[in-house]
Amino acid sequence: MPIHSARLLAPAFAAVAVASLLATAPANAAVSGRSGGDSVVGHVYETTNAAAGNAVQVFDRLRDGSLRAGAVVPTGGHGLGSSLASQYGLVRDGNLLFAVNGGDDTVSTLAITDRGLVRRDVAPSGGDLPVSVTVRHGVVYVLNQNSETISGLRVSHDGHLQPLPHSTRSLSKSGATPTAAAQVSFSPDGRSLVVTHKGDQTIDTFAVRNGYAGTATPHHSAGVTPYGFDFDRRGDAIVSEAGPSAVSSYSVHGNRVRTISASVSDGQAAACWLVVTRDEAFTINAASASISSYRISADGRLKLIAAVAAPTSAGGSDAALSPDGKFLYVRLSNGSVASYAVHHDGTLTKQQDVAGAATAGTAGLAAD
């Protein structure tokens, strides 16, 4: 019925019409005129990492930041079945998700569409045990932990993958100690790839030209066990350190890395995953079931705001922010996802824990 003709209905008939529309609306549809929190404004995505078949658990993200479990979409690959011990096992680039499949050495693309999440492609990762992935301007690099390499692919606008010929590069090695690499990421300007090594206290940079990474340039980490990292709005790398449960900051320009703040402790245990919003960084402390907050100054220096900005109901195992930075989502060791409101002063307010499909260890979290 046209909207303008509805205005001519008698009040009683109009009430019946509205009731009928609400009764037949989809359960996850936003209803016009509702005050608030139940409108779907985005999603949070969590990889299950199941050995029998990796999948992405989709959560509807509501206007008030809370979550509602939705569909589970297979990636077409196999998960590891245990923790990847990494960050960026799942990333979003525009309307595409990229997921590593640690059980069969592949990477998957899934498109975010009006009909939901749709798998687009599955391709070899170029090495053994992919644990982290990064994407920029149609170029994808995968970190393969066991082979201690990064390897490139090209991705089309619709999510189809092609290996980037002759793009595999070895990580730096300082001896027989395994690198146990945790994350790969493009720098914001795209001139560098950065890789953290948990095993030998190293941060590698690779200069990037025309989509190809050069050879690894090693830099000694300011603290023990560099793990997850993110970049602030000025392009400085903010890196967690699981060993001392601390955070360091670095300026990164091509292959040049300079320490700004060295190993600023959060007083907790096992700061592994880290995200940055505005001028704050949040670390997820796996062994103390807590989140810590830091202030990032204009020159990249770090100052601890709160050792415990918020507790988690179980040990954290990954993190993601909403695109506007107003909500923090934490993957928990029990497979649930916790949501927190992020306030302008860097404080957090806990909202809820939401359970989804069964998961197996650290494997990735992303949001749109």
Side-chain angles (χ1 to χ4, degrees), residues 42-51 54-62 65-73 75 79-92 97-102 108 110 117 130-133 182-183 185 227-230 240 242 268-277 281-293 309-323 325 327-342 348 350-368:
H43 303 86
V44 170
Y45 306 95
E46 177 187 38
T47 37
T48 66
N49 195 31
N54 197 10
V56 176
Q57 167 70 69
V58 182
F59 297 90
D60 291 337
R61 187 169 63 84
L62 307 184
S66 60
L67 301 178
R68 181 172 60 205
V72 179
V73 181
T75 67
L80 186 63
S82 59
S83 178
L84 297 179
S86 68
Q87 185 163 309
Y88 281 12
L90 176 71
V91 299
R92 181 181 67 87
L97 289 179
F98 297 78
V100 298
N101 302 304
S108 299
L110 302 99
L117 200 60
V131 297
S132 182
V133 59
Q183 183 181 339
S185 182
Y227 202 118
F229 63 94
D230 201 353
S240 70
Q268 299 295 291
C272 293
W273 302 274
L274 182 145
V275 292
V276 171
T277 179
F282 297 99
T283 59
I284 313 305
N285 307 304
S288 53
S290 62
I291 304 168
S292 300
S293 57
T312 57
S313 59
S317 61
D318 216 330
L321 286 160
S322 60
F327 298 99
L328 171 66
Y329 299 97
V330 178
R331 180 180 177 133
L332 303 175
S333 57
N334 63 11
S336 297
V337 175
S339 57
Y340 300 81
V342 180
L348 300 173
K350 175 71 178 287
Q351 292 186 306
Q352 62 170 174
D353 293 353
V354 177
T359 61
T362 302
L365 197 69
D368 65 14

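Residue numbers run from 1 in the order of the sequence given.
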Discussion item. Applying side-chain hydrogen bond (donor to acceptor under 3.5 Å, both in side chains), can you list everything that pairs with S322, at least two apart in sequence or on another chain?
Written reply: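 Checked S322 against side-chain hydrogen bond (donor to acceptor under 3.5 Å, both in side chains); matches are D324.
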Starting at [atom1] of [X], measure out to [atom2] of [Y] and round the result to the nearest 0.5 Å.
{"X": "L365", "Y": "Q87", "atom1": "CG", "atom2": "CD", "value": "10.0 Å"}
{"X": "L62", "Y": "H43", "atom1": "CG", "atom2": "NE2", "value": "9.5 Å"}
{"X": "R61", "Y": "F327", "atom1": "CZ", "atom2": "CZ", "value": "7.5 Å"}

Do [X] side-chain atoms and [Y] backbone N/O form a donor-acceptor pair below 3.5 Å?
{"X": "T283", "Y": "N285", "answer": "no"}
{"X": "S339", "Y": "S66", "answer": "no"}
{"X": "Q57", "Y": "G70", "answer": "yes"}
{"X": "S333", "Y": "G315", "answer": "yes"}
{"X": "Q183", "Y": "Y88", "answer": "no"}
{"X": "T48", "Y": "A55", "answer": "yes"}

Can you find a side-chain donor-acceptor pair between [X] and [Y] that sits under 3.5 Å?
{"X": "N54", "Y": "T47", "result": "no"}
{"X": "D353", "Y": "S313", "result": "yes"}
{"X": "S292", "Y": "Q268", "result": "no"}

Discussion item. Taking the side chain as everything from C-beta on, heavy atoms only, tell me whether T312 gets closer than 4.5 Å to Y340.
Written reply: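 Sidechains of Y340 and T312: in contact.
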Would you name the heavy atoms of [X] and [Y] that are closest together and state the gap between them?
{"X": "S288", "Y": "A269", "answer": "OG-N, 3.2 Å"}
{"X": "G335", "Y": "E46", "answer": "O-OE2, 3.1 Å"}
{"X": "T362", "Y": "N49", "answer": "O-ND2, 4.1 Å"}
{"X": "G102", "Y": "L80", "answer": "O-CD1, 3.9 Å"}
{"X": "A367", "Y": "L321", "answer": "CB-O, 3.5 Å"}
{"X": "L67", "Y": "V44", "answer": "CD2-CG2, 3.7 Å"}

Worksheet entry | Partners passing ring-ring contact (aromatic ring centres under 6.0 Å, His included) against Y227 (at least two apart in sequence or in another chain) |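 Checked Y227 against ring-ring contact (aromatic ring centres under 6.0 Å, His included); matches are W273.
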Worksheet entry | side chain to side chain contact (heavy atoms under 4.5 Å, CB included), paired with F282, selected from V330, V276, L274, T277 |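 Testing F282 for a side chain to side chain contact (heavy atoms under 4.5 Å, CB included) against V330, V276, L274, T277 leaves exactly one candidate, T277.
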Practice prompt. Mind checking salt bridge (charged side-chain N to carboxylate O under 4.0 Å, His left out) for D368 and listing every partner two or more places apart, or none if nothing turns up?
Written response: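 With sequence neighbours excluded, D368 shows a salt bridge (charged side-chain N to carboxylate O under 4.0 Å, His left out) to no residue whatsoever.
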Worksheet entry | Under-4.0 Å salt bridge between R331 and D318 |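 No.
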